[in-house]
Protein chains: 4
Amino acid sequence: MADLMRPAPAPVGVGPGPDQQLRRDAGPQTDRGHARKAELLDAARRVFERQGFLDARVADIAEEAGVSQGTFYTYFDSKEAIFRAVATELRDRMIEALKPHGPRPATVHEQVDQAMRRFVAAYRAEARLIVVVAQLGQSTPEIAELRLAVREAFVARTARGIRVQQAQGLVDPGLDPWLASEVLGSMVDATCWVWLNLGKDFDEEALLSTLTQVWTRALHLQEPR
Amino acid sequence: MADLMRPAPAPVGVGPGPDQQLRRDAGPQTDRGHARKAELLDAARRVFERQGFLDARVADIAEEAGVSQGTFYTYFDSKEAIFRAVATELRDRMIEALKPHGPRPATVHEQVDQAMRRFVAAYRAEARLIVVVAQLGQSTPEIAELRLAVREAFVARTARGIRVQQAQGLVDPGLDPWLASEVLGSMVDATCWVWLNLGKDFDEEALLSTLTQVWTRALHLQEPR
Amino acid sequence: MADLMRPAPAPVGVGPGPDQQLRRDAGPQTDRGHARKAELLDAARRVFERQGFLDARVADIAEEAGVSQGTFYTYFDSKEAIFRAVATELRDRMIEALKPHGPRPATVHEQVDQAMRRFVAAYRAEARLIVVVAQLGQSTPEIAELRLAVREAFVARTARGIRVQQAQGLVDPGLDPWLASEVLGSMVDATCWVWLNLGKDFDEEALLSTLTQVWTRALHLQEPR
Amino acid sequence: MADLMRPAPAPVGVGPGPDQQLRRDAGPQTDRGHARKAELLDAARRVFERQGFLDARVADIAEEAGVSQGTFYTYFDSKEAIFRAVATELRDRMIEALKPHGPRPATVHEQVDQAMRRFVAAYRAEARLIVVVAQLGQSTPEIAELRLAVREAFVARTARGIRVQQAQGLVDPGLDPWLASEVLGSMVDATCWVWLNLGKDFDEEALLSTLTQVWTRALHLQEPR
DNA sequence: GATGAATGAGTATTCATTCAT
DNA sequence: GATGAATGAATACTCATTCAT
């Protein structure tokens with residue numbers, strides 16, 4: 001468990017020289033610079049997925065990107081900064097992937113089923129990175145917020161849907177739409193966690209079917225006449 | 001060169017490893033020793049709750065227990081070892097707290113409600129430590145298993161309950177009891193996480209009510225006639 | 001329990017080991033780097049001569065070289081590694097110094113006398129370091145082999161010489177050249193040890209004369225007619 | 001090479017309580033006490049032979065003797081103190097073993113041969129401990145002296161012998177008896193080292209024969225007419 | 001006398017970050 | 001902009017020795 005030994009934190013009170021800081025703030029000036037920054041970001045994602053945050057060294061990222069360690073600091077303030085950038089990209093990809101696309105299914109049951117499949121697909125694609133973000137989120141509020149943002153996006157859409165369905169008389173009006181969506185969102189999220197990160201062996205179709213059943217029954221969701 | 005010419009035969013000085021190990025394995029021999037070990041365990045729990053695993057230094061634990069660092073190693077192999085002990089105690093407390101006790105409620109609705117309240121109470125009492133264990137579990141399989149054990153205890157009890165209720169005709173026989181309990185367990189668990197660890201502000205009674213509603217509706221749980 | 005229920009899949013955060021290793025293995029890339037490495041090696045030799053291996057701290061070596069402790073690890077894996085480098089250099093210097101150079105003396109007696117003086121001079125120049133290497137060699141086979149290499153070089157050369165002299169009829173053919181050279185090598189070696197390391201007070205010329213006498217008589221070494 | 005990491009030295013300026021010190025100075029008061037001390041000494045010898053000085057822990061010695069660590073300090077001041085006692089015993093055993101015993105052989109050649117065999121036998125019996133004493137002697141003058149004492153005993157006897165033989169006309173009068181015995185003593189000593197400690201594979205009889213030959217020829221040792 | 005327990009000084013090594021070319 | 005090198009803070013663990021029962 002030596003890995004868990006924390007490396008020396010950044011010396012406190014020793015700011016960067018004005019030069020490099022300025023360059024970083026200004027952002028890349030050339031196309032080549034932009035490309036370098038993107039390469040570093042990509043390399044960082046791969047390294048974080050592979051090694052987690054604590055065991056990822058700046059040297060690893062630089063090597064993965066094929067540049068020197070010094071060059072890393074031309075583009076990013078710190079290891080945390082590049083991790084934030086990686087996590088932000090993850091958030092955006094997740095939110096995008098959770099949006100409904102394609103034609104709306106005919107039945108509400110199918111709508112729920114599709115939303116479920118979208119979530120699972122999105123989760124599965126990013127499972128490794130989700131673990132790492134979660135791990136760091138425990139102790140870094142800023143990262144925790146990125147993680148929550150994905151949840152919010154999903155929960156808020158669900159809550160809106162429930163409200164609409166209540167107005168249409170498809171869903172039990174006795175439920176608080178917000179609380180219900182929070183609770184059901186937790187269910188889907190945590191189930192994926194156990195399944196895709198923890199490696200508990202579920203049959204995919206059976207699991208999806210159970211999730212969808214629980215969801216629709218919990219809402220007393222009716223097909224419109 | 002005299003000795004340049006005199007390498008060792010079978011290298012002398014390659015002896016057995018640590019010997020404090022022996023004493024540690026043997027365990028305390030006196031009452032005083034047992035008391036010290038318990039004090040250290042308690043101190044460690046407080047320190048881990050306060051500072052997390054990585055930021056907790058062995059020196060902090062020793063100081064919190066009012067002993068020297070050397071004494072720490074009289075009773076525990078390492079920081080990781082005492083953490084395992086703390087996490088094991090947590091697991092046992094949690095499993096105990098989740099067991100039903102007191103008279104069985106008259107209605108199934110009340111049974112579910114009580115189970116929910118038990119879970120929330122148990123979670124709340126240990127929320128700080130749960131975070132820390134979770135964080136370390138990401139990278140330490142042994143700790144991960146301790147976490148899993150609590151989940152399994154809860155899910156298995158739930159699954160048994162559902163099976164019984166199905167036999168009594170109280171619950172929709174079309175549900176897989178195991179999958180349903182996994183999914184509902186995830187729901188309760190993750191909801192507590194968002195609420196008690198991430199600090200999302202829920203009204204307790206409203207939340208409990210929603211959880212209970214979703215649970216009973218998902219199962220089509222009927223009061224027995 | 002939320003996370004108590006979420007053990008990691010394939011534990012995240014178990015990455016590859018040290019990465020400074022890479023730089024160290026690659027060796028210095030610039031002239032400045034090469035110079036630094038040489039300075040450290042020199043500083044280490046001085047510190048080891050002064051303090052021995054156990055009492056030499058990495059901090060001492062870094063300070064002697066005028067660099068930070070971190071810089072030490074830019075060039076060497078460990079205290080042991082730099083010691084191996086120092087001992088290897090010692091071996092090479094010794095082997096070089098023991099080689100005959102200059103014109104071959106006219107008489108065999110003078111040849112033996114010169115070999116003896118070469119050995120003593122080489123030993124005296126490195127006496128301090130020889131002690132330290134010997135001490136560590138007791139428990140470190142790799143170091144022991146470095147010591148052996150010097151002995152072998154000397155003994156092998158002696159054995160060859162004896163064989164040649166036997167062929168020329170200068171030396172008693174009844175002696176085993178290899179055993180004789182081992183035994184005589186031990187004699188010269190251990191005598192220097194007692195004299196130059198243990199501090200026994202011998203008169204140099206008398207000692208050299210005795211060594212040479214014993215050597216030539218033992219071999220029944222004759223001047224060629 | 002972690003074994004080479006030096007343990008914490010004894011705290012400076014913290015003397016023992018007067019009580020224990022007094023008891024130690026007084027020596028054992030009872031037969032049982034004397035037996036305990038002897039057991040500890042024996043246990044220490046075994047442990048030092050097995051593990052060397054640095055890797056031998058006081059706890060190991062106490063355990064080998066079947067007493068508690070505290071009891072160790074009832075009889076010995078320190079780890080070094082008991083090592084000195086062990087080394088002193090070794091010295092006495094060696095000196096005793098080197099003394100000629102039994103009838104004096106008829107020929108001087110046989111005399112030399114027997115002395116050689118005595119030395120080898122004595123050395124072989126104590127080879128392990130000799131290594132450890134040598135190792136510590138590098139840095140501890142008091143131990144070095146114990147080691148030298150054995151050498152002196154052997155060398156002095158040899159020198160006396162040479163002087164006698166010179167008076168009898170058996171040995172070349174041109175040799176300095178003292179220097180010659182030093183040099184020849186080094187030869188025998190170092191040869192045993194290489195053979196019995198370093199593990200170099202010599203044929204015993206061939207080696208003894210070579211040693212004896214070199215010895216007698218070096219002295220021009222004649223059989224008396 | 002015997003015991004179990006308590007003490008605490010001492011040190012190698014990593015890695016994020018800065019800086020001189 | 002890019003590079004290689006320099007920096008230095010931070011921390012777990014052992015074991016000889018003492019001491020209260």
Side-chain angles (χ1 to χ4, degrees), chain A residues 2 5-12 14-17 19-21 23 28-30 32-33 36 57-60 62 67-75 77-80, chain B residues 17-21 23 26 28-30 32-33 36 57-59 62 67-75 77-79, chain C residues 18-21 23 26 28-30 32-33 36 57-59 62 67-75 77-80, chain D residues 2 5-12 14-17 19-21 23 28-30 32-33 36 57-60 62 67-75 77-80:
Chain A
M5 228 116 128
R6 194 166 242 179
V12 175
V14 178
D19 238 38
Q20 209 164 30
Q21 185 65 53
R23 187 145 48 197
Q29 306 291 326
T30 66
R32 192 171 159 222
R36 271 270 197 278
R57 278 144 294 141
V58 170
D60 293 329
V67 301
S68 77
Q69 255 190 88
T71 299
F72 175 93
Y73 287 91
T74 302
Y75 296 100
D77 281 329
S78 66
K79 187 178 153 185
E80 281 225 354
Chain B
D19 108 305
Q20 244 178 345
Q21 192 70 35
R23 161 170 283 191
Q29 311 283 334
T30 66
R32 191 183 170 202
R36 268 282 188 273
R57 282 165 297 133
V58 171
V67 300
S68 75
Q69 273 199 63
T71 298
F72 175 93
Y73 288 95
T74 301
Y75 296 100
D77 282 327
S78 63
K79 188 176 146 183
Chain C
D19 106 307
Q20 244 177 347
Q21 191 71 35
R23 160 171 284 190
Q29 311 284 333
T30 66
R32 193 183 169 200
R36 268 283 188 273
R57 281 165 299 134
V58 171
V67 300
S68 75
Q69 274 199 62
T71 298
F72 175 92
Y73 287 94
T74 301
Y75 297 101
D77 283 327
S78 63
K79 187 176 147 183
E80 281 78 23
Chain D
M5 223 115 130
R6 195 166 237 179
V12 175
V14 178
D19 238 36
Q20 211 164 29
Q21 185 65 55
R23 187 145 48 194
Q29 306 292 325
T30 67
R32 192 171 159 225
R36 272 268 197 279
R57 277 144 293 142
V58 171
D60 293 330
V67 301
S68 76
Q69 255 190 86
T71 299
F72 175 93
Y73 286 93
T74 301
Y75 296 100
D77 281 328
S78 65
K79 186 178 152 184
E80 281 225 353

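- One interatomic measurement links the two molecules: CG of Asp60(A) to C1' of dC15(E), which rounds to 10 Å at whole-angstrom precision.
- For the pair Gln69(C) CD and dT11(E) P, the computed distance is 11 Å after rounding to whole Å.
- When the P atom of dC19(E) is taken as reference, atom CZ of Arg23(A) falls 13 Å away, rounded to whole Å.
- Contact between Ala59(B) and Gln69(B) at its shortest, heavy atoms only, is CB-NE2, 3.6 Å.
- Regarding Phe72(B), its CZ atom lies at a distance of 13 Å from the C1' atom of dT11(F), rounded to whole Å.
- Residues Gly33(A) and Pro28(A) come closest through the heavy atom pair C-CB, 3.6 Å.
- Atom name C1', nucleotides dG1(E) and dT21(F): the rounded distance is 13 Å, in whole Å.
- No hydrogens or angles were tested; on distance alone, nothing pairs the side chain of Arg32(D) with the base of dG1(E) as donor and acceptor under 3.5 Å.
- To the nearest angstrom, P of dA10(F) lies 14 Å from NZ of Lys79(B).
- From Arg23(A), atom CZ reaches atom CD of Gln29(A) across 9.5 Å, with rounding to the nearest 0.5 Å.
- Nearest nucleotide to the Tyr73(A) side chain, out of dT13(E), dA12(F), dT18(E): dT18(E).
- For Thr74(C) and Thr71(C), the side-chain atoms include no donor-acceptor pair closer than 3.5 Å.
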Nucleotide pairing, DNA chain F (Watson-Crick or G-U, distances under 3.5 Å), in dot-bracket with [ ] and |:
.||||||||||||||||||||
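- Considering only side-chain atoms of Ser68(C), the nucleotide from dA12(F), dG8(F), dG4(F) that sits closest is dG8(F).
- Side-chain proximity of Ser78(D) to the nucleotides dA2(F), dT17(F), dT13(E) is greatest for dT17(F).
- Residue whose closest nucleotide on DNA chain E sits further toward the 5' end, between Thr74(C) and Arg57(C): Arg57(C).
- Taking for each of Val67(C) and Ala59(B) the nucleotide of DNA chain F with the nearest heavy atom, the 5'-most of the two is the partner of Val67(C).
- Ranking dG1(E), dA12(F), dA6(F) by closeness to the Gln29(D) side chain, first place goes to dG1(E).
- Legend: residues meeting side chain to side chain contact (heavy atoms under 4.5 Å, CB included) with Ser78(D), ordered by chain and number and at least two apart, are Glu80(D), Ala81(D).
- Residue Arg36(C) places no side-chain atom within donor-acceptor reach of the base of dA6(F), judged by atom type and a 3.5 Å distance cut-off alone.
- Phosphate proximity of dG1(F) to Thr30(A): present, with a side-chain N or O under 4.0 Å from OP1 or OP2.
- Atom P of nucleotide dT14(F) and atom OH of Tyr75(B) are separated by 16 Å, given to the nearest angstrom.
- Comparing dT7(F), dA6(F), dA5(E) by their closest approach to the side chain of Pro28(B) singles out dA5(E).
- Along DNA chain E, the nucleotide nearest Val58(C) and the nucleotide nearest Thr71(D) are compared for position; the residue whose nucleotide lies closer to the 5' end is Thr71(D).
- Partners of Arg57(C) under the salt bridge (charged side-chain N to carboxylate O under 4.0 Å, His left out) rule, at least two apart in sequence or in another chain, are Asp60(C).
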